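Just so we're on the same page: letters track the sequence lines, and every chain starts at 1. Model, not experiment: these values are computed from the prediction.
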Amino acid sequence: MTPQGSATNMATAYDPKLVESKWYAYWMEQGFSQADSASGKKPFTIVIPPPNVTGQLHMGHALDNAIQDILIRWRRMSGDDALWVPGTDHAGIATQAKLEEEIAKEGLTRHDLGREGFLARVWDWKEQYGSRIVEQLRMMGASCDWSRERFTLDEGCSKAVRESFVRYYERGLIYRGTYIVNWCPHCMTVISDIEVDHEERAGRLYYIKYPLASGNGFITVATTRPETMLGDVAVAVHPTDERYRHLIGQEAILPLMERVIPIIADATVDPAFGTGCVKITPGHDPNDFEMGLRHNLPQIAVMAKDATMNENAGIYQGMERMACRARILQDLQEQGLMDKIEEHHHSVGTCSRCDAVIEPLVSEQWFVKMKPLAEPAIAAVREGRLRFVPERYGRTYLNWMENIRDWCISRQLWWGHRIPAWTCPEGHRTVAIEDPACCSTCGSTQLTQDPDVLDTWFSSALWPFSTLGWPETTPDLKRYFPTDVLVTGYDIISFWVARMIFSSLEFMGREPFHTVVIHGMVRDTQGRKMSKSLNNGIDPADIVAGYGADALRFMLIHGSAPGNDMSFQQERLEQARNFANKIWNASRFVLMNLEGYQPGPPLDSSAQLTLPDRWILSRLNKVTTSVQEALERYDFGEALGTLYDFLWDEFCDWYIELVKPRLQPKAVDPDPQTSEEAAADLRLAQGVLATVLRTTLELLHPFMPFISEEIWQHLPKGEASRSIMITDWPKTNATLIDNAAERNMTALMEGIRSIRNLRGEMNVPHGRKIILQILPASPEGRTLAEEAKPLLQRLANASEVTMISEAEVPAKALTIALSNLTIYLPLAEMIDIPQEIARLAKELAALEEEIARLESRLQNEGFLSKAPQAVVEQERVKLADYLSKKQTLVARQQQLS
RNA sequence: GGGCGGGUGGCUCAGCGGUAGAGCACCUGAUUCACAUUCAGGGGGUCGUUGGUUCGAAUCCAAUCUCGCCCACCA
């Protein structure tokens, strides 16, 4: 596609806009992201957490999808048949609410359009927004299998929903019941417990006097919601509360309603709260509802579904709940029944969707019985068949599962999966997968389908298998289920992850995936959650446009710890862009210097490698191992950090600088042997550069797919391969690991840094070349010195590096002591001997301190016997190193004095 | 009330048992030779506090302060 070749056509700065869309189109056109069930490879499957079809993707999605794409690309390169199933969620309440807002602008309500008409509008809307999400995913480089894209409300998912509903129903796990539920008066639907947010709010505790029926005084109750008193059916006290024992069994008169209600005893009453007497309103309080059942009390609803007072509210009928409260307080005040009012903080349930205050009320709804489903789902995690990463989120899951209550699944909405239950005029219920023609009990053909739809999460709970074809036993289902990894944020562990787990265990008989990778939330600069109301949300597409998809992905992954929140910051984006630019320019450098290079067999240790070659290849192979291991731990930040450090600090700042002289065209040497050697060395240097760059790009590809592809395509390749995306994942070559080379390079780098420092201290002008004289202290030192010569020339800006003997050590020179050689800088005219002695003394003092520390440690019996052998050895080596440096410095000091 | 997480250089955050790290910011210097989206160097932290375990603790344990999140039917 792109011609291989020189870097002459590469701009000096990386411009993601010029490459990203090109490569994405190429990948898709070539079908690289499509799973191949005929491949015979091991399948590796991820299903996307389907984004709400009406929304657009935000930074949280960008992180979520970056992680999934990293895993998918890594596994694909590693030889798996990688399948990433994309799709979207119909998001019942959210979407319906949005559409209702839309049509409200036209002055319409959904009732004006009718069910059919309204749904037609929602589908139009869905088409428009669903494609926006797909577009965003493509922009970010997501290598999904678009041929398998799904929607929670498509035909297949709908079949799965019906199948599962009927199976649950037949097993008695779905039932219809009349309970107190969370009613959102704004969305006009019931919502499940986890869709209720609890907000701590400042409120008041009202103490209200209820006259005793006997006429002997009052019983005073405390309540935060006086308007519900209209539905009171009893007053309760603790059975052992001495203050009120005598009143148990008596009656009180409910003020305003003048209803006679019993005074009962119940152990759940807290004698220490308020007066110790509590009003009981089973129709509007979950606690009271339970107590009502225990004591056979009636339920009186005094509020309508829109949270206005109903016909049971007497003279308050028709009032809005807060207005009613004010009026009731006033009336009680006037009747002298208001005892006192206290400030009181308490938590108020609000609708997670619209923020309206939830009204608990009694209503007939569909529920899923959770206990039998929770049990195996708990065991799956307990017994390790399913693992959370990081582990702590397993506890979040278990905590929720173990305290689970039945799941209210019906919603009074239109947008969603309609409940497959019908009733005939006789009141018989028929629940069936296919729309029934007649009543299963009496045969009546006059059937009415339940008008309600299912909770959105009911269909998302089936996602890992409904997307693969269930309830049909499709080839995809057989091959790709169970999936492998699920990637999502901790905020939907209970909403979604938990429900997928029990649904899968129920219908598939096994876990839907073996690992759940949980990531944190992306917050704004000030650490706040990104939200519409704060208007601090960021569209990933804007970031892609400004910095490129690779930079966005880098920013989201680099420097973050698994499962932790991260804040979005401009500077981090700049760091990411700079890194991309660094890769670009390092690659330009390499490509500019590959002229005449033909890739041969892979490099091995038999080649005439120089010290820097051996060092960088050793480091490369260690990096390959680290990246592999970090990915296996799902520690993406660590993996990317390793690559960043290696590429920038080691490859660019050291290796490339060291290799430069070998690449420079030399004047034709008359000696054919020398020129042949130089040519061979040039080829070798080119080979190392190309190998290190290419391997690093391959390791980087899952994280930064676009730039890695662009450059990789420019590199000369032995065998033809069409894309970095489908090339083999790098393997560690243990024969290239060379610890001696790493030690020597480390020493040399230390020497170079010291020389640079001394040049600075002595104010040696940058342009000025210096002379270096090296005194080896051992045969190894001599070898190292020989190898170091050209390197010192280059990186310490030395005109001449000579080997000297003990006798030749100059007096007017600065001293740098390394472990097995000493470097002298003979800067005769600049050196003040007493000053140099002082400098050496200072260095010596620091060294002594270290030596003392190491010696005392190595004399410590406890350390020697209990510390790991490797640590002890490491300390010994360090001490020996310090001692030899000390010896050099002491000798030098004496020499100069 | 329970559970979880954070408190590390000016800022944002890694590290989580072997002598404190990065990016940004700051200071000094460099630059026709891949890159100023750069390079070389520098200053700056008793790792919230107090105890304990350990040969050794930012890292493990306990307590405590502080910030944040999640769960819970506090009328």
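- Within the 4.0 Å cut-off from OP1 or OP2 of rC13(B), at least one side-chain nitrogen or oxygen of Ser567(A) is found.
- A salt bridge links Glu359(A) with Arg321(A): at least one charged nitrogen is closer than 4.0 Å to a carboxylate oxygen.
- As rounded to the nearest Å, rU49(B) and rU66(B) have C1' atoms that lie 11 Å from one another.
- The separation between His519(A) atom NE2 and rA14(B) atom C1' is 19 Å, rounded to whole Å.
- Using C1' as the reference atom, rC47(B) and rC60(B) are 15 Å apart when rounded to the nearest Å.
- The separation of rU64(B) from rA58(B), taken at their P atoms, amounts to 22 Å, rounded to a whole angstrom.
- Between Tyr179(A) and Phe367(A), the ring centre distance stays below 6.0 Å.
- Using a 4.0 Å heavy-atom criterion, one finds that Arg759(A) contacts no nucleic acid atom at all.
- Residue contacts shown for Glu657(A) include a base, since a base heavy atom lies under 4.0 Å away.
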Which atoms of nucleotides 71-75 of chain B (N or O only) lie under 3.5 Å from a protein N or O atom, and what are those distances?
from    : atom 1 : to        : atom 2 : distance (Å)
rC73(B) : O2'    : Asn287(A) : ND2    : 3.3
rC73(B) : O2     : Asn287(A) : OD1    : 2.4
rC73(B) : O2     : Asn287(A) : ND2    : 2.8
rA75(B) : O3'    : Thr224(A) : OG1    : 3.2
rA75(B) : N6     : Asp270(A) : N      : 3.4
rA75(B) : N6     : Asp270(A) : O      : 2.8
rA75(B) : N1     : Asp270(A) : N      : 3.3

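- As a whole-Å value, the separation of Asp653(A) CG from rU37(B) C1' is 14 Å.
- Comparing the P positions of rU28(B) and rC65(B) gives a spacing of 46 Å, expressed to the nearest Å.
- In terms of the salt bridge (charged side-chain N to carboxylate O under 4.0 Å, His left out) criterion, Glu861(A) has no residue partners (sequence neighbours excluded).
- Between Phe579(A) and Trp648(A), the ring-plane angle classifies as parallel under the 30° and 60° cut-offs.
- A salt bridge links Lys340(A) with Glu342(A); the closest basic N to acidic carboxylate O contact falls under 4.0 Å.
- Residue Asn860(A) contributes atom CG, which lies 17 Å from atom P of rG18(B) at whole-angstrom precision.
- Mapping Thr12(A) and Glu861(A) onto RNA chain B via the closest heavy atom, the residue that lands nearer the 5' end is Thr12(A).
- Using a 4.0 Å heavy-atom distance criterion, Arg756(A) is classed as a sugar-phosphate-only contact.
- Using a 4.0 Å heavy-atom distance criterion, Trp654(A) is classed as making no nucleic acid contact.
- Nucleotide rC73(B) has no partner under the Watson-Crick or G-U criteria, as no pair reaches both atom distances under 3.5 Å.
- The partner of rU53(B), taking Watson-Crick or G-U wobble pairs whose two distances both stay under 3.5 Å, does not exist in any strand shown.
- When the C1' atom is compared between rA75(B) and rG5(B), the two are found 32 Å apart, to the nearest whole Å.
- In this structure, rC47(B) forms no base pair with any nucleotide, since neither Watson-Crick nor G-U wobble geometry is met with both distances under 3.5 Å.
- Looking at Glu849(A) and Arg853(A), no side-chain N of the basic residue comes within less than 4.0 Å of a carboxylate O on the acidic one, giving no salt bridge.
- Among the protein residues, Tyr397(A) comes within range of no part of the nucleic acid, since none of its heavy atoms lies under 4.0 Å from any strand.
- Of the side-chain N and O atoms in Trp648(A), one or more sit less than 4.0 angstrom from OP1 or OP2 of rC39(B).
- When the P atom of rC16(B) is taken as reference, atom CG of Asn564(A) falls 12 Å away, rounded to whole Å.
- Comment: Arg857(A) engages Glu875(A) in a salt bridge, judged by a side-chain N to carboxylate O separation of less than 4.0 angstrom.
- Using a 4.0 Å heavy-atom criterion, one finds that Glu850(A) contacts the bases of the nucleic acid, with or without backbone contacts as well.
- Across all strands, Pro360(A) comes closer than 4.0 Å to no nucleic acid atom at all (heavy-atom distances).
- Base pairing of rA22(B): its partner is rU12(B), meeting the Watson-Crick or G-U wobble criterion (both donor-acceptor distances under 3.5 Å).
- Between the side chain of Tyr14(A) and the base of rU38(B) there is no donor-acceptor pair of N/O atoms closer than 3.5 Å.
- Using atom C1' as the reference point in both rA22(B) and rA30(B), the two lie 24 Å apart (nearest Å).
- Comparing the C1' positions of rG44(B) and rC67(B) gives an interatomic distance of 25 Å, to the nearest angstrom.
- A close approach under 4.0 Å does occur between a side-chain nitrogen or oxygen of Lys582(A) and OP1 or OP2 of rC39(B).
- The aromatic rings of Phe554(A) and Tyr644(A) lie tilted to each other, with the angle between the two planes from 30° to 60°.
- Nucleotides rG2(B) and rG15(B) place their P atoms 29 Å apart, quoted to the nearest Å.
- Between Leu758(A) atom CG and rG29(B) atom P there is a gap of 19 Å when expressed in whole angstrom units.
- Residue contacts for Tyr644(A): at a heavy-atom cut-off of 4.0 Å it reaches the sugar-phosphate backbone alone, with no base atom in range.
- You'll find a donor-acceptor pair under 3.5 Å spanning the side chain of Arg853(A) and the base of rU19(B), going by distance alone.
- A 3.5 Å limit on both hydrogen-bonding distances identifies rC27(B) as the Watson-Crick or G-U partner of rG41(B).
- Counting only distance, with no hydrogens or angles, the side chain of Tyr393(A) and the backbone of Gly563(A) share a donor-acceptor pair below 3.5 Å.
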